[in-house]
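Below you'll find the structure, written out as structure tokens, and then a few comments.
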Number of protein chains: 2
Amino acid sequence: MKFVSPNCKNCRARENSLFSFCQVRETEQLNAVKTANLYKKGQYIFYENAAPIGLFCINTGAVKLCKLSSNGKEQITRIARPGDLLGYRSLIAKTTYTYSAVAIEDTAICLIPKPEFFALIRNNSQFYEGLMQLLCKEADEMEAKIGDIAYKPVRGRIAEALMLLAGAAKESGYITLTREDLASLVGTVKETAIRIISEFREENLLEVDKRRIRILRPEKLMQISNLYD
Amino acid sequence: MKFVSPNCKNCRARENSLFSFCQVRETEQLNAVKTANLYKKGQYIFYENAAPIGLFCINTGAVKLCKLSSNGKEQITRIARPGDLLGYRSLIAKTTYTYSAVAIEDTAICLIPKPEFFALIRNNSQFYEGLMQLLCKEADEMEAKIGDIAYKPVRGRIAEALMLLAGAAKESGYITLTREDLASLVGTVKETAIRIISEFREENLLEVDKRRIRILRPEKLMQISNLYD
DNA sequence: CGGCTGATTGAGCTATGTCAAGGGCAGTGG
DNA sequence: CCACTGCCCTTGACATAGCTCAATCAGCCG
């Protein structure tokens, strides 16, 4: 299989990432030290509890971030996409990874080794600040998610997740997540997720082609997502 | 009511806070610019969605951080105590507060105005780094909480929360949280929380005196907290 | 002695999880 | 090109944790 290592200079993923703060020279340096890798669907990029080795930047594809709970179930905390950075929290806090990262499509990812990452935050204060803001945003989102899971019924959470996924799903507008992954993303089980999707289909809020889902009535779903008991 | 504004120099709360990174001179400056305030139990320190005005540092007492969900229920995300800093996320991300802060005991809090906060992170890189690590830690905790709420049964979550609260409850070892607040902290309702506490009492895992709870068998509770289905 | 706030307890009800049994599509190997 | 195998997806039947509503009780304060 032919895989051309992406060049940071003209990397589209870089543009909507924190690396947009980098100067041309820095970008060239990054390009020189980074290593690129292709992960097949289902392959692990890194494991929960492992020691971090660097900063990952997703080039193409999609990755699920998940933790294993003691009852053996997998909880997906987020779906990461091109331009998203992975692993910085563990690097900064000097801890092990708090979640695993698994490719859910064939995915290309670049890795910036630890030393270069730290050099970057030392030398580029804009990048540093950006990272800090990213952390805050991430925290805000998680905080919101806690509220959701605690009080929003599954139906609403699924509606919400579908909206988010559709927004993130580039051109196509198709959501290709597995029902199981979708369930795990909103904190429920496969069967419940399926039933609710079926309801939405019957109400013509979305259509299902093979496994893929396409939203038809975003407004309606949005409304359901905000509707409580 | 007599309230002596605390002095940063010999503030016990400061010692287990990020401000421990400050030099003597910085501490003196902080002391000069800060304003101290006493909040009665039940009083709001700041409101969700309001614009941040500075960094809060809890001196004595306890504060609940909570969000209102559309169905009118309050979700408590965390209980903050002396030494804890509040509001930095909104300052850094330049957003409004994502939660409200309410005193659950009579509480003394100092406020460092926005400009001085930014001056601090500009000039003290240790403080800056510490703040970053704090953010990471906070994010980790929330991530864990998401997993908990999604998959851990209420019984386990209550056990866990009790352990945490007991740990944080200074000397006394008494947990004084309202049943309602406890419920909201673990994402359930008052009645369910009460029933589970009663069970624990019957099993002699804790004792209840008036409203106050004291843990008797931490090991057991710990075990329950990790026990799934 | 009221009146209040919070704690309890009981009795249903229901959303959601669990278990079980197919069904369809896609990729593989003969 | 067909049959086989292995995912997923789907649906039904059933069980139950946890929510709601409602009534009562226990401190506490003026």
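By convention in this document, chain letters (A, B, ...) are assigned in the order of the sequence lines, proteins followed by strands, and residues within each chain are numbered from 1. Predicted model only: the values in this text are computed from it and were never measured. Atom set for the values below is all heavy atoms of this structure, side chains included, hydrogens, waters and symmetry mates excluded.
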Subject >> Distance-minimising heavy-atom pair for Tyr97(A) and Ser90(A) >> reply: CA-OG, 3.3 Å
Subject >> Closest contact, heavy atoms only, Ile213(A) versus Leu162(A) >> reply: CD1-CD2, 4.3 Å
Taking only side-chain nitrogens and oxygens of [X], does any of them come within less than 4.0 Å of OP1 or OP2 of [N]?
X: Arg179(B); N: dA7(C); result: yes
X: Thr192(B); N: dC19(D); result: yes
X: Thr188(A); N: dG17(C); result: yes
X: Ser198(B); N: dT9(C); result: yes

May I have the distance from [X] (atom [atom1]) to [N] (atom [atom2]), rounded to whole angstrom?
X: Tyr151(B); N: dG18(D); atom1: OH; atom2: C1'; result: 18 Å
X: Arg212(B); N: dG27(D); atom1: CZ; atom2: C1'; result: 14 Å
X: Asp209(A); N: dC9(D); atom1: CG; atom2: C1'; result: 14 Å
X: Arg195(A); N: dC9(D); atom1: CZ; atom2: P; result: 14 Å
X: Ile158(A); N: dT16(C); atom1: CD1; atom2: P; result: 10 Å
X: Ile213(B); N: dA7(C); atom1: CD1; atom2: C1'; result: 11 Å
X: Ile194(A); N: dC7(D); atom1: CD1; atom2: P; result: 16 Å
X: Asp181(B); N: dA7(C); atom1: CG; atom2: C1'; result: 14 Å

Subject >> Donor-acceptor side-chain pairing of Ser69(A) and Gln75(A) below 3.5 angstrom >> reply: no
Subject >> Residue whose nearest DNA chain C nucleotide is more 5′ - Thr178(B) or Arg155(A) >> reply: Thr178(B)
**OP:** Dump the intermediate steps for side-chain contact (heavy atoms from CB on, under 4.5 Å) on Ile175(B) and Arg212(B), then the final yes or no.
**Re:** CA-CA 6 Å; Ile175(B) 296 163; Arg212(B) 304 181 313 169; over 6 Å; no
Original post:
Which word best sums up how the rings of Tyr44(B) and Tyr47(B) line up, parallel for under 30°, tilted for 30 to 60°, or perpendicular for over 60°?
Top reply: parallel
Nearest to the side chain of [X] - [options]?
X: Val154(B); options: dG18(D), dG17(C), dC8(D); value: dG18(D)
X: Val208(B); options: dT8(C), dT11(D), dG17(C); value: dT8(C)
X: Lys73(A); options: dA7(C), dG17(C), dT8(C); value: dG17(C)
X: Glu191(A); options: dC19(D), dT8(C), dT18(C); value: dT18(C)
X: Arg211(B); options: dA7(C), dT20(D), dC8(D); value: dA7(C)

Subject >> Presence of donor-acceptor pair under 3.5 Å, side chain of Glu180(A) and base of dC9(D) >> reply: no
Original post:
Lys210(B) or Leu177(A): which one's nearest nucleotide on DNA chain D is closer to the 5' end?
Top reply: Leu177(A)
